[in-house]
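Below: one structure, written as structure tokens.
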Amino acid sequence: MTYLRKNLIVLSVLFMMLLTIFGGSSNVNALENNSVTSRAIESYTKEYVVGCGEIGYSRVKLTIKHNMTTGKSWIVSVKHTDTVYPQYVTGKINSVSTDPAIGKYFSGVISLKIDVHYQNAGEELTATQYFRL
């Protein structure tokens, strides 16, 4: 009887070990999972002012999303509100570009480059400023 009891205990332990190894948890590592829940992505805005020489300035508003699971961020949109001083009647702010560009992924602390393309008296000019993001 003790022989049967010992075998039963050994077989039970062996069965539990096999169950743990082959039938264990089915959790998926987040880095290997291609789908990301919306709770893992946060969105925030940053606002910067870039001076355009003597003619005025551009207030640039960036919308940035950050994936907390992967640690990657990307710029979703760039909007700018331009102010040209009235004495510069030929001054005009054309466009704003960023590096990293819209939709390009980055991670960690980076140096954000904002270029404001403007013109004064027909001359094309670019104002560049760097910000820590």
Q: Would you indicate whether the side-chain heavy atoms of Cys52 and Ile93 approach each other to under 4.5 Å?
A: yes
Self-check item: Side-chain (Thr90) to main-chain (Ala121) donor-acceptor, under 3.5 angstrom
Solution: yes
- Check the pair His80 / Arg59 against side-chain contact (heavy atoms from CB on, under 4.5 Å), numbers first and verdict last. CA-CA 5 Å; His80 57 99; Arg59 187 175 303 275; over 6 Å; no
Tyr85 with Val116, same ILVMFWY side-chain cluster at under 4.5 Å: yes
Between the NZ atom in Lys79 and the OG1 atom in Thr63, the distance rounded to the nearest 0.5 Å is 6.0 Å
Student check: side-chain heavy atoms of Glu54 and Tyr88 closer than 4.5 Å: yes
Exactly one candidate in Asp115, Ile114, Val50 meets side-chain contact (heavy atoms from CB on, under 4.5 Å) with Thr128; the answer is Asp115
Inset, instruction - Treat each ILVMFWY residue as a node, draw an edge where side-chain heavy atoms are under 4.5 Å apart, and state whether Leu112 and Tyr105 are in one component. - result: no
When clusters are formed by joining ILVMFWY residues with side-chain heavy atoms under 4.5 Å apart, either directly or through shared neighbours, do Val60 and Val49 land in the same one? yes
Assess the residue pair Asn94 and Gln119 against the criterion (side-chain contact (heavy atoms from CB on, under 4.5 Å)); give the C-alpha distance rounded to whole Å, side-chain angles, the decisive distance to 0.1 Å, and a yes or no. CA-CA 7 Å; Asn94 298 326; Gln119 65 186 49; 3.5 Å; yes
**Message:** Quick one, Ser58 with Thr83, criterion side-chain contact (heavy atoms from CB on, under 4.5 Å). Give me CA distance, side-chain angles, the key distance, then yes/no.
**Reply:** CA-CA 6 Å; Ser58 182; Thr83 301; over 6 Å; no
Open item on the list: Quick check: do Lys104 and Ile75 have side-chain heavy atoms less than 4.5 Å from each other?
Closed with: no
Only residue of Val109, Thr98, Ile110, Leu62 satisfying side-chain contact (heavy atoms from CB on, under 4.5 Å) with Leu133 is Ile110
Residues Pro100 and Phe106: closest non-hydrogen pair is CG-CD2, 3.6 Å
| Using 4.0 Å as the upper bound for N to carboxylate O, is an ion pair formed by Lys65 and Glu42? | no
- Query: Are any non-hydrogen side-chain atoms of Ser77 and Ile102 less than 4.5 angstrom apart?
  - Reply: no
One should read off an interatomic distance between His66 NE2 and Ser43 OG, to the nearest 0.5 angstrom, of 12.0 Å
Any heavy-atom pair between the side chains of Arg132 and Ser111 that's under 4.5 Å?
no
(Q) So Ile64 and Lys46, do their side chains get closer than 4.5 Å, heavy atoms only? (A) yes
Please answer: with hydrophobic residues joined when any side-chain heavy atoms are less than 4.5 Å apart, are Tyr44 and Trp74 in the same cluster?
no
The reported gap from CG in Asn120 to CD1 in Ile55 (rounded to nearest 0.5 angstrom) is 5.5 Å
Flag for Gln129-Tyr48: side-chain donor and acceptor within less than 3.5 Å: no
In short, Gly71 meets Ser107 closest at the heavy-atom pair O-CB, 3.5 Å
